[in-house]
Amino acid sequence: MPVTPHKAQRPYRGVFPVAPTIFDERGELDLEGQRRCIDFMIDAGSHGICILANFSEQFVLTDAERETVMHAVLEHVAGRVPVIVTTTHFSSAVCAARSKQAQAAGAAMVMVMPPYHGATFRVPEKGIVEFFRVLSGAIDIPVMIQDAPVAGTPLSVELLARLARELSNIRYFKIEVPGAASKLRSLIEAGGKDIEGPWDGEEAITLLADLDAGATGAMTGGGYPDGIRQIIDPYFAGKREEAKAAYERWLPLINYENRQCGLIACKAMMQAGGVIKSDAVRHPLQPLHPATRAGLLELAKERDALALRWGK
């Protein structure tokens, strides 16, 4: 049964981490583990959750598996928090169809990168505008544009502000390119009221600078929403020094995830804490080296991350 999106909660603010896709040791979907993962993330203080993103290994899922995960998560969340569904695809029609399906299933928002494929397949600015025009016109829920290096597609502040100005559902922007804080500040200045959600990304590695620039949301990895809340909450309460101290406390773990572990970090933490049975990633992705895993868990334990004790 579709879940009613959280329209009353807009603008969405706070911590909206990316949920990993949970596999068993054979590499098959583990839906029981997926539900436990979601419950942990909500208990850890997530204001909302994003699914099927790059950190969810969306690129190793079949279309049927994407639908299975989407419905399983939305039905299990059952309106407890808003859920953002990533619907990125090169094709305008496929992206629009995925997004309509997500809306019908109860998604609060969709997140989309500009169309790209491989190292050289890009479309010019005219095509990008038309792509987002098709998408915006297909749904009634907001769209978050993911401005990330992986797409390799330059999205100028002027272009993003134009999309927000001309297309009613283009309202959120996850900025995770070099100089993110400067770009966020410029985007807020250029877009004004049309920029409903200027958000931070890239595992919160630039979170404090991005908050100072005006970011109102953080889309991080799923391993320690409780830690990110310790930064976000005092900042929004006007207690910047407290937020700064919390950022300094959690930054070694943030850096270790961002620079050493990548998308497997949250799974390793969840598995160590009994949230999920397996931290498997799908081949050809590789498991963490035991020494890297030990370093991650050491930092997480020192900060008393909830993931390490939630399932015990």
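Along the sequence shown, the residues carry numbers beginning at 1.
What you find for I84 and V110 is that their closest heavy atoms are CG2-C, 4.1 Å. Minimum heavy-atom separation, A96 to L135: CA-CD1, 4.2 Å. The shortest non-hydrogen separation linking I231 to W250 is CD1-CB, 4.4 Å. In this structure, A102 and L74 approach most closely via the heavy-atom pair O-CD1, 4.4 Å. In terms of heavy atoms, A307 sits closest to V275 at O-CG2, 3.9 Å. The minimum heavy-atom distance linking H71 with A105 is given by the pair CE1-CB, 3.7 Å.
Of the possible polar contacts, one joining the S156 side chain to the L159 backbone as a donor-acceptor pair under 3.5 Å is found. Remark: side-chain polar atoms of R13 are not paired, donor with acceptor, to backbone N or O of Q9 under 3.5 angstrom. Panel note: side chain Q286, backbone P284; a donor-acceptor pair is recorded below 3.5 Å. Here the side chain of S91 pairs a donor or acceptor atom with the backbone of V94 at under 3.5 angstrom. Side-chain atoms of R80 do not come within 3.5 Å of backbone N or O of I42 as any donor-acceptor pair. When atom types are taken as modelled, the side chain of N169 and the backbone of S136 share a donor-acceptor pair closer than 3.5 angstrom. Remark: side-chain polar atoms of T153 are paired, donor with acceptor, to backbone N or O of A151 under 3.5 angstrom.
Interatomic distance, NZ of K301 versus CG of L296, reported as 13.5 Å (0.5 Å rounding). One finds the CD1 atom of I254 at 11.0 Å from the CD atom of E248 (value rounded to the nearest 0.5 Å). Between the SG atom of C266 and the CZ atom of F55 there is a distance of 7.5 Å, given to the nearest 0.5 Å. Interatomic distance, CD1 of I228 versus CG of D233, reported as 11.0 Å (0.5 Å rounding). The CD atom of E203 sits 9.5 Å away from atom CG of D200, with the distance rounded to the nearest 0.5 Å. Considering CG of L253 and CG of N258, their distance stands at 11.0 Å, rounded to 0.5 Å.
Under the salt bridge (charged side-chain N to carboxylate O under 4.0 Å, His left out) criterion, E196 pairs with R10, not counting sequence neighbours. Shown here are the salt bridge (charged side-chain N to carboxylate O under 4.0 Å, His left out) partners of R240, two or more places apart in sequence or in another chain: D212. Residues meeting the ring-ring contact (aromatic ring centres under 6.0 Å, His included) test with H289, sequence neighbours left out: none. For R303, there are no side chain to side chain donor-acceptor pair (under 3.5 Å) partners two or more places apart in sequence or in a different chain. Take F173 and apply the ring-ring contact (aromatic ring centres under 6.0 Å, His included) test, not counting sequence neighbours, and it matches no residue. In terms of the salt bridge (charged side-chain N to carboxylate O under 4.0 Å, His left out) criterion, E32 has no residue partners (sequence neighbours excluded). Not counting sequence neighbours, the partners of E65 by the salt bridge (charged side-chain N to carboxylate O under 4.0 Å, His left out) test are R282.
Residues in residues 84-105 take part in these salt bridge (Lys or Arg N to Asp or Glu O under 4.0 Å) pairs, two or more places apart or across chains: D63-R98. Listed by first and then second residue, the salt bridge (Lys or Arg N to Asp or Glu O under 4.0 Å) pairs that reach into residues 163-181 are R133-E166, R162-E166, R171-D194, K174-E176, sequence neighbours excluded. Annotation: salt bridge (Lys or Arg N to Asp or Glu O under 4.0 Å) contacts involving residues 257-267, sequence neighbours excluded, comprise E57-K267. Within the structure, ring pair (Phe, Tyr, Trp, His ring centres under 6.0 Å) pairs that include any residue of residues 107-141 comprise H117-F121 (at least two apart or interchain).
Residues Q103 and S99 fail the side-chain proximity criterion, which asks for heavy atoms closer than 4.5 Å. Using a 4.5 Å cut-off on side-chain heavy atoms (C-beta onward), F59 and L285 make contact. Counting heavy atoms from C-beta outward, P11 and T216 have side chains that stay 4.5 Å or more apart. Side-chain contact check for L263 versus N54: every heavy-atom pair is 4.5 Å or farther apart. Proximity of E242 to Q230: side-chain heavy atoms (C-beta onward) are nowhere separated by under 4.5 Å. In this structure, the side chains of I51 and T86 stay at 4.5 Å or more apart for every pair of heavy atoms. With a 4.5 Å cut-off on side-chain heavy atoms, C261 and T292 count as touching. In this structure the side chain of D30 never reaches within 4.5 angstrom of the side chain of I276, judged on heavy atoms.
At a threshold of 4.5 Å between side-chain heavy atoms, the hydrophobic network of Ile, Leu, Val, Met, Phe, Trp and Tyr places L167 and L187 in one connected group. Criterion: ILVMFWY side-chain heavy atoms under 4.5 Å apart, direct or through other members. Under it, V150 and F90 are not part of a common hydrophobic cluster. Note on V134: it does not cluster hydrophobically with V129, by side-chain heavy-atom contacts below 4.5 Å among ILVMFWY residues. Criterion: ILVMFWY side-chain heavy atoms under 4.5 Å apart, direct or through other members. Under it, I188 and Y12 are not part of a common hydrophobic cluster. Two different hydrophobic clusters hold M113 and L61 under the rule that ILVMFWY side chains link at heavy-atom gaps under 4.5 Å.
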- request: Take T87 and M111, measure what side chain to side chain contact (heavy atoms under 4.5 Å, CB included) needs, and give me the verdict at the end.
  value: CA-CA 6 Å; T87 57; M111 183 171 74; over 6 Å; no
- request: Could you go through the side chain to side chain contact (heavy atoms under 4.5 Å, CB included) check for M270 and D279 one step at a time?
  value: CA-CA 8 Å; M270 291 181 191; D279 63 359; over 6 Å; no
message: Evaluate W199 against I175 for side chain to side chain contact (heavy atoms under 4.5 Å, CB included), listing each step before the verdict.
response: CA-CA 6 Å; W199 281 24; I175 306 299; over 6 Å; no
message: Go through it in stages, so that I can follow the logic: the residues are V157 and E189, the test is side chain to side chain contact (heavy atoms under 4.5 Å, CB included), and I'd like the CA-CA distance, side-chain angles, deciding distance and then a yes or no.
response: CA-CA 10 Å; V157 167; E189 291 173 356; over 6 Å; no
message: Assess the residue pair D210 and R185 against the criterion (salt bridge (Lys or Arg N to Asp or Glu O under 4.0 Å)); give the C-alpha distance rounded to whole Å, side-chain angles, the decisive distance to 0.1 Å, and a yes or no.
response: CA-CA 8 Å; D210 293 345; R185 191 174 287 110; over 6 Å; no
Output a table of donor-acceptor pairs, distance under 3.5 Å, between side-chain atoms of residues 15-28 and any protein atom two or more places apart or on a different chain; print 'none' if there are none.
from : atom 1 : to   : atom 2 : distance (Å)
T21  : OG1    : S56  : O      : 2.7
D24  : OD1    : R26  : N      : 2.9
D24  : OD1    : G27  : N      : 3.1
D24  : OD1    : E28  : N      : 3.0
D24  : OD2    : R26  : NH2    : 3.1
E25  : OE2    : S278 : OG     : 3.0

